[in-house]
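Counting convention: from 1, in listed order, for ligands and their atoms alike.
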Amino acid sequence: ETKKPNENRQTLQQLLTHLLRALERRDPQQLFAWPVTDRIAPNYSRLISKPMDFETIRRNIQSNQYTSLNAFVADFKLMCDNAMTYNQPETIYYKAAKRLLHAGLKLTGPEKLKTLLSALP
Ligand SMILES: COc1ccc(C(=O)NC2CCC2)cc1-c1cc(C(C)=O)n2cccnc12
């Protein structure tokens, strides 16, 4: 049946919240949980033009900022790319970002999404 737009939005929101939780579990040290401050990362705000973190992504989901899965994935990739731009390859942050990015792209890949979408109401 033709779903009302807000119903679709709720389904998308539920899917994104599920994906966000699955991604956050892959960041046990919570290095991506909150915005990076200039205090813990000197000159961060000068070097990274569009910061992104899991808390901001959560707020975007709740305020219906993402109208597609792609928009959510783009912010997740931005968060990982920022960490691989600011931090040197040998740091725990760069390595964590690389692992997280691969895990995330697998999670939102077509085959995995098919199973997820088939489980939706
Ligand atoms: C929300 O950001 C953080 C929160 C907590 C920690 C942290 O607990 N760091 C301790 C683990 C080794 C020192 C690090 C960070 C952190 C993330 C990042 C990222 C994501 O680039 N970062 C870069 C340089 C220095 N610190 C960080």
Side-chain angles (χ1 to χ4, degrees):
E1 85 285 2
T2 53
K3 281 187 151 190
K4 291 185 286 303
N6 64 337
E7 244 180 70
N8 282 340
R9 209 179 289 171
Q10 247 159 3
T11 309
L12 178 67
Q13 219 173 31
Q14 283 165 333
L15 173 66
L16 298 185
T17 302
H18 168 82
L19 291 174
L20 177 63
R21 278 205 205 100
L23 293 170
E24 285 178 319
R25 278 201 295 274
R26 284 173 173 76
D27 172 31
Q29 284 182 291
Q30 297 201 303
L31 307 178
F32 299 90
W34 295 285
V36 182
T37 60
D38 285 344
R39 230 173 94 145
I40 58 170
N43 289 323
Y44 193 85
S45 58
R46 268 167 18 96
L47 294 167
I48 298 297
S49 56
K50 202 171 176 267
M52 191 46 65
D53 63 279
F54 279 137
E55 189 51 39
T56 303
I57 290 176
R58 169 171 276 98
R59 277 209 307 276
N60 290 346
I61 295 173
Q62 281 157 0
S63 59
N64 287 315
Q65 177 115 12
Y66 301 123
T67 55
S68 71
L69 175 66
N70 285 348
F72 167 85
V73 172
D75 268 356
F76 167 72
K77 280 180 67 180
L78 170 68
M79 181 183 78
C80 298
D81 292 344
N82 285 344
M84 294 166 77
T85 301
Y86 176 83
N87 302 284
Q88 299 303 316
E90 61 279 352
T91 60
I92 62 163
Y93 307 110
Y94 183 103
K95 290 175 185 162
K98 198 158 180 238
R99 263 199 312 272
L100 189 60
L101 180 64
H102 285 124
L105 293 185
K106 263 209 283 282
L107 205 67
T108 55
E111 60 289 342
K112 182 80 183 188
L113 272 188
K114 241 185 276 167
T115 44
L116 265 178
L117 290 171
S118 62
L120 285 179

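A side-chain contact (heavy atoms from CB on, under 4.5 Å) with Phe76 is found for one member of Leu19, Asp81, Leu100 and no other, namely Leu100.
One option in Ile48, Ile40, Val36 has a heavy atom closer to atom 25 (C) of ligand 1 than any other, and that option is Ile40. Counting only non-hydrogen atoms, the option in Asp53, Ile92, Leu100 that gets closest to atom 11 (C) of ligand 1 is Ile92.
The shell of residues lying under 4.0 angstrom from ligand 1, judged by heavy atoms, excludes Asn82.
Formation of a donor-acceptor pair under 3.5 Å by the Thr91 side chain with backbone atoms of Asn87 is not found in this model.
Looking at residues two or more places apart in sequence or on another chain, you find a salt bridge (charged side-chain N to carboxylate O under 4.0 Å, His left out) between Asp75 and Lys50.
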**OP:** Step by step, work out the side-chain contact (heavy atoms from CB on, under 4.5 Å) result for Ile48 and Thr85.
**Re:** CA-CA 8 Å; Ile48 298 297; Thr85 301; 4.1 Å; yes
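Residue-level proximity to ligand 1 for Thr91 is absent, since no heavy atom of it falls below 4.0 angstrom. Contact annotation: for Thr37 versus ligand 1, there are no heavy atoms closer than 4.0 Å.
Salt-bridge formation is detected for the pair Glu24/Arg58: a Lys NZ or Arg NE/NH1/NH2 atom is positioned less than 4.0 Å from an Asp or Glu carboxylate oxygen.
Proximity to Trp34 (heavy-atom distance under 4.0 Å) selects the following atoms of ligand 1: 1 (C). Proximity to Leu31 (heavy-atom distance under 4.0 Å) selects the following atoms of ligand 1: 1 (C), 2 (O), 3 (C), 6 (C), 7 (C), 14 (C), 17 (C), 20 (C).
Considering backbone and side-chain atoms together, Asn87 places an N or O closer than 3.5 Å to an N or O of ligand 1. The shortest N/O to N/O separation between Tyr93 and ligand 1 falls below 3.5 Å.
Residues Tyr44 and Asp38 bring no donor and acceptor atom of their side chains to less than 3.5 Å of each other. Using a 3.5 Å distance cut-off with no hydrogens or angles, the side chains of Asn8 and Thr11 do not pair a donor with an acceptor.
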